[in-house]
Chemist: 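One structure is given below, represented as structure tokens, and several questions about it will come after.
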2 protein chains.
Amino acid sequence: MKPRTRRYHRTRQAILDAATEIIHEEGPDALSMRELADRIDYSAAGLYEYFGSKEEIILAVCQEGHQRLAAYMLEVDREVPANDYLYGIGKAYVRFALENPDHFLLMFSYPEAAGAPENDEMHQENDSSYNILLQGIGRGISEGVFPERPGFGLDELGYAAWTMVHGIAMLRVTALREYPLDLDAVDDQVIHNFLRGLMTA
Amino acid sequence: MKPRTRRYHRTRQAILDAATEIIHEEGPDALSMRELADRIDYSAAGLYEYFGSKEEIILAVCQEGHQRLAAYMLEVDREVPANDYLYGIGKAYVRFALENPDHFLLMFSYPEAAGAPENDEMHQENDSSYNILLQGIGRGISEGVFPERPGFGLDELGYAAWTMVHGIAMLRVTALREYPLDLDAVDDQVIHNFLRGLMTA
DNA sequence: TAGTAAACCTAACACTGTTCGGAATTATAA
DNA sequence: TTATAATTCCGAACAGTGTTAGGTTTACTA
């Protein structure tokens with residue numbers, strides 16, 4: 001790769017990093033092209049050499065967020081029973097949301113950013129967060145931990161699990177953002193209750 | 001009530017209706033003070049006689065949304081077994097989100113709008129959507145349909161039910177907004193599966 | 001009918017994302 | 001090394017935003 005394109009990619013990444021930083025520090029509304037440019041010693045107009053619009057920058061930030069979310073889930077220890085592993089997956093999903101609330105909200109405000117860069121089909125790449133979840137459930141099925149019911153196969157089980165952890169994560173970063181009591185313990189029970197439902201046919 | 005204050009309230013409501021209309025037709029980003037004023041034959045500055053800021057208008061729209069959501073849930077037939085009633089509650093929650101996606105998303109982007117106008121404690125008024133859900137679960141408990149487990153009482157059951165329906169609703173208006181297949185049937189199974197989990201101790 | 005308060009608008013301010021034209025920098029070719 | 005070309009970058013401007021100050025019109029009251 002030529003020095004030119006390498007420098008180009010480095011600047012692109014600097015823009016994305018600064019944007020992520022602003023979103024983390026001051027929220028998504030505070031992200032303006034001029035402040036973003038200031039942080040990396042550019043002018044606002046200069047950014048348009050690297051991104052076509054502000055929306056493109058936000059979209060790229062969202063895509064990075066989805067990768068980071070997947071990274072959270074890949075860190076989970078797999079050397080445990082399938083149901084315990086799935087519990088870890090769910091907790092990782094929620095933990096990412098709690099540790100990056102604005103980023104998490106942004107990711108799901110731009111649905112078109114959910115997939116891979118050059119792929120309009122949803123979650124088709126292998127290491128998407130949804131695919132990791134799906135593989136965990138598939139493992140539980142093949143190990144006989146989760147019995148498949150008629151009309152409630154892998155896809156339906158995956159959908160059910162996703163809605164549950166996503167509901168927890170979403171509520172906790174929006175409506176329950178300031179909730180004073182400890183919800184982690186309740187989350188545990190909710191997830192375990194769900195998994196128990198899957199395990200008993 | 002004097003004609004003056006009556007006219008004042010009518011204008012206030014006209015502003016909120018127009019704002020809701022714009023959000024429904026063109027999305028929340030298209031809501032500008034000038035277009036909003038144009039729709040009801042005012043100038044942008046004139047609106048500030050009725051609301052302190054654009055955010056106040058959005059907040060009021062969100063509060064109306066929460067009331068409408070509660071109305072959806074109050075329409076559900078109560079003359080059925082407790083578990084069937086809760087199923088109806090859940091479906092009503094999701095149906096509101098699907099029929100008012102932008103409004104629904106906005107409501108949960110402004111967490112401070114979740115409660116009553118003069119009440120910073122969450123969901124304290126009786127006919128909030130969450131309270132309706134909670135009462136449905138309470139009925140199931142008192143009728144012996146849902147057994148209370150240790151450390152998993154009414155509040156925890158309510159939280160669990162809320163996260164589930166909210167997860168379904170949220171995913172379907174964001175990440176799965178354009179999903180081609182029919183998810184209503186899957187939602188049925190997911191909700192029923194959840195309720196079955198509650199019914200079996 | 002005179003005086004007062006409410007309602008409303010015009011004009012402006014500071015900000016936003018974006019574009020245009022040219023200037024500075026860097027790479028390529030002679 | 002020098003001339004040419006391409007890339008990179010910026011200042012200035014444009015149309016739009018929410019908001020405010022000041023003044024004018026309207027409506028109510030005494």
Side-chain angles (χ1 to χ4, degrees), chain A residues 1-63 102 105-106 109-110 112-113, chain B residues 1-63 102 105-106 109-110 112-113:
Chain A
M1 191 186 289
K2 291 184 177 179
R4 194 144 219 179
T5 68
R6 200 163 44 202
R7 195 178 51 199
Y8 180 86
H9 281 88
R10 205 185 322 143
T11 308
R12 245 183 94 98
Q13 194 56 50
I15 295 174
L16 294 183
D17 290 345
T20 306
E21 205 177 276
I22 293 175
I23 290 171
H24 240 84
E25 291 174 6
E26 314 176 44
D29 293 341
L31 179 67
S32 83
M33 296 298 271
R34 284 171 176 85
E35 180 182 343
L36 178 52
D38 272 352
R39 289 224 185 187
I40 55 173
D41 305 305
Y42 273 72
S43 77
L47 303 180
Y48 287 83
E49 204 71 35
Y50 299 89
F51 291 94
S53 66
K54 181 186 179 182
E55 179 160 358
E56 270 189 26
I57 296 178
I58 296 180
L59 238 69
V61 169
C62 289
Q63 284 169 358
D102 285 317
L105 278 176
L106 200 67
S109 305
Y110 286 77
E112 56 271 37
Chain B
M1 189 185 290
K2 291 184 178 177
R4 193 135 218 189
T5 68
R6 200 161 46 202
R7 195 179 50 200
Y8 180 85
H9 280 89
R10 203 184 325 141
T11 308
R12 242 183 97 96
Q13 193 57 48
I15 294 174
L16 293 182
D17 291 345
T20 307
E21 205 176 277
I22 293 175
I23 290 171
H24 239 86
E25 291 174 5
E26 313 176 45
D29 293 342
L31 179 66
S32 84
M33 296 298 271
R34 285 171 177 84
E35 180 182 343
L36 177 51
D38 272 352
R39 289 225 185 185
I40 54 172
D41 304 304
Y42 273 73
S43 78
L47 303 181
Y48 287 83
E49 204 72 34
Y50 300 90
F51 291 93
S53 66
K54 182 186 178 182
E55 179 161 357
E56 271 191 26
I57 297 178
I58 297 179
L59 239 69
V61 169
C62 289
Q63 283 169 359
D102 285 316
L105 278 175
L106 200 67
S109 305
Y110 287 75
E112 56 272 38

Chemist: Less than 4.0 angstrom between a side-chain N/O of A:Ser32 and OP1 or OP2 of C:dT16, yes or no?
Modeler: yes
Chemist: At under 4.0 Å, does any side-chain N or O of B:Tyr50 touch on OP1 or OP2 of C:dC8?
Modeler: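 Looking at the OP1 and OP2 atoms of C:dC8, one of them is under 4.0 Å from a side-chain N or O of B:Tyr50.
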Chemist: Nearest whole angstrom, please: distance from the C1' of C:dC8 to the CE of B:Met33.
Modeler: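 From B:Met33 CE to C:dC8 C1': 14 Å.
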Chemist: For A:Leu31, which contact category applies under a 4.0 Å heavy-atom criterion: base, sugar-phosphate, or nothing?
Modeler: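 Contact class for A:Leu31: sugar-phosphate only.
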Chemist: Could you tell me whether the side chain of B:Ile40 reaches within less than 4.5 Å of the side chain of B:Leu47, counting heavy atoms only?
Modeler: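 In short, these two side chains touch, coming nearer than 4.5 Å.
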Chemist: Check whether the side chain of A:Arg34 and the base of C:dG17 form a donor-acceptor pair under 3.5 Å.
Modeler: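 Present.
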Chemist: Do the side chain of A:Arg34 and the main chain of A:Ala44 share a donor and acceptor less than 3.5 angstrom apart?
Modeler: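 Looks like no, no N/O pair under 3.5 Å.
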Chemist: In whole angstroms, how far is the P atom of C:dA6 from the OH atom of B:Tyr8?
Modeler: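 About 11 Å, once rounded to whole Å.
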Chemist: Check the distance between D:dG16's C1' and B:Lys54's NZ and give it to me in whole angstrom.
Modeler: 12 Å
Chemist: Calculate the interatomic distance between B:Phe51 atom CZ and C:dA7 atom C1'; express it in whole Å.
Modeler: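 Distance check: B:Phe51 CZ to C:dA7 C1' gives 15 Å.
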Chemist: Going through the checks in order, is the side-chain contact (heavy atoms from CB on, under 4.5 Å) test met by B:Tyr42 and B:Ile15?
Modeler: CA-CA 10 Å; B:Tyr42 273 73; B:Ile15 294 174; over 6 Å; no
Chemist: Please state how far atom CG in B:Leu36 lies from atom P in D:dT19, giving the value in whole angstrom units.
Modeler: 12 Å
Chemist: Whole Å only: how far is the CG atom of B:Asp29 from the P atom of D:dG18?
Modeler: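 These atoms are roughly 11 Å apart.
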Chemist: With a 4.5 Å heavy-atom cut-off, do B:Leu36 and B:Ile57 have their side chains touching?
Modeler: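 The answer is yes; the side chains approach within 4.5 Å.
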Chemist: When the distance from CZ of A:Arg7 to P of C:dT25 is rounded to whole Å, what number comes out?
Modeler: 12 Å
Chemist: Look at all strands and tell whether B:Ser53 reaches a base, only sugar-phosphate, or nothing, counting heavy atoms closer than 4.0 Å.
Modeler: sugar-phosphate
Chemist: To the closest 0.5 Å, what do you measure between OH (B:Tyr48) and CD (B:Glu56)?
Modeler: 10.0 Å
Chemist: Please report, rounded to the nearest Å, how far the P atom of D:dA27 is from the CD atom of B:Glu49.
Modeler: 15 Å
Chemist: Closest nucleotide of DNA chain C for B:Ala44 versus for A:Ala45: which of these residues is on the 5' side?
Modeler: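 Its nearest nucleotide lies further toward 5', so the answer is B:Ala44.
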Chemist: Given C:dT26, D:dT19, C:dC9, identify the nucleotide with an atom nearest to the side chain of B:Tyr48.
Modeler: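 Closest nucleotide to the B:Tyr48 side chain: D:dT19.
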Chemist: Indicate, with a heavy-atom threshold strictly under 4.0 Å, whether A:Asp41 touches base, sugar-phosphate, or nothing.
Modeler: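 Touches sugar-phosphate only.
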